Amino acid sequence: MKSAVLAAVVLTGIVASAPARAQHAHAPHEHGVAELRVVADGSALIVEFASPLDSLVGFEHKPRTPAERKAMADAEAVLRNGAGLFQPSAAADCRLTDVALDSPWLQGRRHDHGHDHAHAHAAPAGDGHAELVAAYRFDCARPAALESLGVGLFGAFPRLRELRTERATARGQGAAVLTADRAELPL
Ligand SMILES: [Zn+2]
(Lines give C-alpha, C1' and ligand atoms only; values in the text may rest on other atoms or scores of the structure.)
Protein backbone atom coordinates (compact mmCIF):
# COMPACT_ATOMS: atom_id res chain seq x y z
CA MET A 1 0.00 0.00 0.00
CA LYS A 2 1.32 3.41 -0.89
CA SER A 3 1.99 5.92 1.87
CA ALA A 4 -0.54 8.36 0.52
CA VAL A 5 -3.20 5.70 0.83
CA LEU A 6 -2.14 4.87 4.35
CA ALA A 7 -2.18 8.53 5.33
CA ALA A 8 -5.63 8.91 3.85
CA VAL A 9 -6.82 5.93 5.84
CA VAL A 10 -5.57 7.54 9.02
CA LEU A 11 -7.05 10.91 8.19
CA THR A 12 -10.47 9.68 7.20
CA GLY A 13 -10.65 7.23 10.03
CA ILE A 14 -10.08 3.57 9.53
CA VAL A 15 -13.37 2.75 11.19
CA ALA A 16 -15.29 4.54 8.48
CA SER A 17 -13.30 2.79 5.78
CA ALA A 18 -13.70 -0.69 7.21
CA PRO A 19 -17.11 -1.51 5.74
CA ALA A 20 -15.89 -0.96 2.21
CA ARG A 21 -13.15 -3.45 2.88
CA ALA A 22 -15.47 -6.19 3.98
CA GLN A 23 -17.21 -6.37 0.65
CA HIS A 24 -14.20 -5.73 -1.54
CA ALA A 25 -12.54 -8.37 -3.58
CA HIS A 26 -9.26 -6.63 -4.31
CA ALA A 27 -7.27 -9.81 -3.99
CA PRO A 28 -8.04 -13.48 -4.27
CA HIS A 29 -9.65 -14.50 -1.01
CA GLU A 30 -7.74 -17.47 0.27
CA HIS A 31 -9.00 -19.49 3.20
CA GLY A 32 -6.49 -19.65 6.02
CA VAL A 33 -4.86 -16.41 4.93
CA ALA A 34 -5.75 -12.98 6.30
CA GLU A 35 -4.44 -9.46 6.08
CA LEU A 36 -3.28 -7.04 8.75
CA ARG A 37 -2.54 -3.38 8.18
CA VAL A 38 -0.82 -1.38 10.87
CA VAL A 39 -0.34 2.37 10.80
CA ALA A 40 1.35 4.40 13.52
CA ASP A 41 0.77 8.13 13.25
CA GLY A 42 1.65 10.33 16.19
CA SER A 43 0.08 8.82 19.27
CA ALA A 44 -2.35 6.73 17.23
CA LEU A 45 -1.78 3.09 16.39
CA ILE A 46 -4.32 1.79 13.91
CA VAL A 47 -4.69 -1.93 13.28
CA GLU A 48 -6.98 -3.33 10.61
CA PHE A 49 -7.59 -7.05 10.27
CA ALA A 50 -9.40 -8.46 7.24
CA SER A 51 -10.09 -12.18 7.03
CA PRO A 52 -12.20 -14.68 5.17
CA LEU A 53 -14.98 -15.67 7.54
CA ASP A 54 -14.01 -19.29 6.94
CA SER A 55 -10.72 -18.69 8.75
CA LEU A 56 -12.60 -17.40 11.80
CA VAL A 57 -15.73 -19.55 12.07
CA GLY A 58 -15.35 -22.31 9.46
CA PHE A 59 -18.20 -21.24 7.19
CA GLU A 60 -19.16 -18.33 4.95
CA HIS A 61 -22.94 -18.47 4.82
CA LYS A 62 -25.58 -16.86 6.99
CA PRO A 63 -25.58 -18.71 10.32
CA ARG A 64 -28.42 -21.24 10.20
CA THR A 65 -28.11 -23.22 13.38
CA PRO A 66 -27.66 -22.30 17.03
CA ALA A 67 -24.11 -23.69 16.80
CA GLU A 68 -23.31 -21.46 13.84
CA ARG A 69 -24.80 -18.40 15.50
CA LYS A 70 -22.76 -19.16 18.60
CA ALA A 71 -19.59 -19.59 16.55
CA MET A 72 -20.16 -16.19 14.99
CA ALA A 73 -20.93 -14.52 18.31
CA ASP A 74 -17.89 -16.15 19.93
CA ALA A 75 -15.61 -14.94 17.14
CA GLU A 76 -17.02 -11.44 17.47
CA ALA A 77 -16.41 -11.46 21.22
CA VAL A 78 -12.80 -12.50 20.69
CA LEU A 79 -12.30 -9.82 18.04
CA ARG A 80 -13.85 -7.09 20.19
CA ASN A 81 -11.26 -7.83 22.85
CA GLY A 82 -8.53 -6.06 20.89
CA ALA A 83 -6.33 -5.65 23.95
CA GLY A 84 -6.24 -9.45 24.21
CA LEU A 85 -5.41 -9.96 20.53
CA PHE A 86 -2.83 -7.23 20.00
CA GLN A 87 0.02 -6.33 22.31
CA PRO A 88 1.95 -3.19 21.34
CA SER A 89 5.34 -2.72 23.06
CA ALA A 90 4.57 -2.28 26.76
CA ALA A 91 6.90 0.73 27.02
CA ALA A 92 4.74 2.63 24.53
CA ASP A 93 1.85 2.55 27.02
CA CYS A 94 -0.90 2.09 24.42
CA ARG A 95 -4.55 1.99 25.33
CA LEU A 96 -7.26 0.54 23.09
CA THR A 97 -9.79 3.31 22.44
CA ASP A 98 -11.92 2.09 19.55
CA VAL A 99 -13.03 -1.16 17.94
CA ALA A 100 -15.28 -1.65 14.93
CA LEU A 101 -16.33 -4.89 13.24
CA ASP A 102 -17.98 -5.41 9.92
CA SER A 103 -19.21 -8.58 8.27
CA PRO A 104 -22.46 -9.61 6.61
CA TRP A 105 -23.94 -11.56 9.52
CA LEU A 106 -22.68 -10.01 12.73
CA GLN A 107 -24.62 -11.17 15.76
CA GLY A 108 -23.70 -8.13 17.85
CA ARG A 109 -22.99 -4.46 17.38
CA ARG A 110 -20.64 -3.23 14.72
CA HIS A 111 -19.15 -0.52 16.85
CA ASP A 112 -18.20 -0.67 20.50
CA HIS A 113 -19.63 2.78 21.16
CA GLY A 114 -23.01 1.54 20.07
CA HIS A 115 -23.56 4.11 17.34
CA ASP A 116 -23.76 2.62 13.91
CA HIS A 117 -22.32 4.78 11.21
CA ALA A 118 -24.37 5.78 8.22
CA HIS A 119 -22.91 3.42 5.73
CA ALA A 120 -23.81 0.43 3.67
CA HIS A 121 -23.08 -2.67 5.66
CA ALA A 122 -20.93 -5.38 4.25
CA ALA A 123 -22.66 -7.78 1.94
CA PRO A 124 -21.60 -11.28 1.02
CA ALA A 125 -19.35 -11.24 -2.02
CA GLY A 126 -21.89 -13.04 -4.21
CA ASP A 127 -19.43 -15.76 -5.09
CA GLY A 128 -20.13 -17.78 -1.96
CA HIS A 129 -17.39 -16.08 0.02
CA ALA A 130 -17.60 -13.54 2.84
CA GLU A 131 -15.16 -11.66 4.99
CA LEU A 132 -14.91 -9.94 8.31
CA VAL A 133 -13.03 -6.72 8.95
CA ALA A 134 -12.03 -5.56 12.41
CA ALA A 135 -10.49 -2.15 12.98
CA TYR A 136 -8.77 -1.05 16.18
CA ARG A 137 -7.39 2.23 17.41
CA PHE A 138 -4.88 2.46 20.20
CA ASP A 139 -3.64 5.71 21.69
CA CYS A 140 -0.05 5.50 22.88
CA ALA A 141 1.40 7.73 25.59
CA ARG A 142 4.98 7.08 24.42
CA PRO A 143 4.74 6.28 20.70
CA ALA A 144 8.52 6.58 20.28
CA ALA A 145 8.80 3.36 22.28
CA LEU A 146 6.58 1.46 19.87
CA GLU A 147 8.81 -1.28 18.47
CA SER A 148 6.59 -4.26 17.91
CA LEU A 149 3.07 -5.59 17.91
CA GLY A 150 2.37 -9.00 19.36
CA VAL A 151 -0.44 -10.73 17.49
CA GLY A 152 -2.64 -13.29 19.24
CA LEU A 153 -4.84 -14.12 16.26
CA PHE A 154 -3.33 -17.55 15.61
CA GLY A 155 -4.10 -18.82 19.08
CA ALA A 156 -7.62 -17.44 18.89
CA PHE A 157 -8.37 -18.74 15.39
CA PRO A 158 -6.63 -22.05 14.66
CA ARG A 159 -7.88 -22.11 11.05
CA LEU A 160 -5.75 -19.04 10.37
CA ARG A 161 -2.39 -20.12 8.96
CA GLU A 162 -0.89 -16.97 7.57
CA LEU A 163 -1.21 -13.26 8.14
CA ARG A 164 0.03 -10.94 5.43
CA THR A 165 0.94 -7.64 7.01
CA GLU A 166 1.67 -4.15 5.82
CA ARG A 167 2.91 -1.44 8.14
CA ALA A 168 3.63 2.24 8.00
CA THR A 169 5.27 3.80 11.03
CA ALA A 170 7.78 6.51 11.89
CA ARG A 171 10.47 3.93 11.10
CA GLY A 172 9.18 3.39 7.59
CA GLN A 173 7.04 0.97 5.67
CA GLY A 174 7.27 -2.71 5.13
CA ALA A 175 5.48 -5.96 4.54
CA ALA A 176 5.87 -9.23 6.39
CA VAL A 177 4.17 -12.57 6.71
CA LEU A 178 3.31 -13.75 10.19
CA THR A 179 2.55 -17.31 11.23
CA ALA A 180 1.79 -19.04 14.52
CA ASP A 181 5.54 -19.52 14.98
CA ARG A 182 6.32 -15.92 14.14
CA ALA A 183 3.52 -13.85 15.57
CA GLU A 184 5.31 -10.65 16.51
CA LEU A 185 5.38 -7.82 14.01
CA PRO A 186 8.35 -5.43 14.19
CA LEU A 187 7.12 -1.84 13.76
ZN1 LIG B 1 -14.19 -17.81 1.19
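Just so you know, these numbers use all the heavy atoms, side chains as well, and skip hydrogens, waters and symmetry mates. Numbers here simply count residues along the sequence, with the first being 1. Quick caveat: nothing in here was measured; it's all calculated off a predicted structure. Both ligands and their constituent atoms are indexed starting at 1 by order of listing.
- In this structure, the side chain of Glu60 engages the main chain of Ala130 through a donor-acceptor pair within 3.5 Å.
- Classification of the His129-His29 ring pair by plane angle, with boundaries at 30° and 60°, yields tilted.
- Residue-and-atom listing of protein N/O/S atoms under 2.8 Å from the Zn ion (ligand 1), sorted by chain and number: His29 NE2, His31 NE2, Glu60 OE1, Glu60 OE2, His129 ND1.
- Arg95 has no carboxylate O lying under 4.0 Å from a charged side-chain N of Asp93, or vice versa, which leaves the two without a salt bridge.
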Side-chain donor-acceptor distances from residues 179-187 under 3.5 Å, at least two apart:
unit_1: Thr179; atom_1: OG1; unit_2: Asp181; atom_2: N; d: 3.4
unit_1: Thr179; atom_1: OG1; unit_2: Arg182; atom_2: N; d: 3.4
unit_1: Arg182; atom_1: NH1; unit_2: Val177; atom_2: O; d: 3.1

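- Under 4.0 Å is where a charged nitrogen must lie from a carboxylate oxygen, and between Glu166 and Arg37 at least one such pair does.
- A donor-acceptor pair is defined here as one N or O able to donate and one able to accept, closer than 3.5 Å; no such pair exists between the side chain of Arg142 and the backbone of Ala90.
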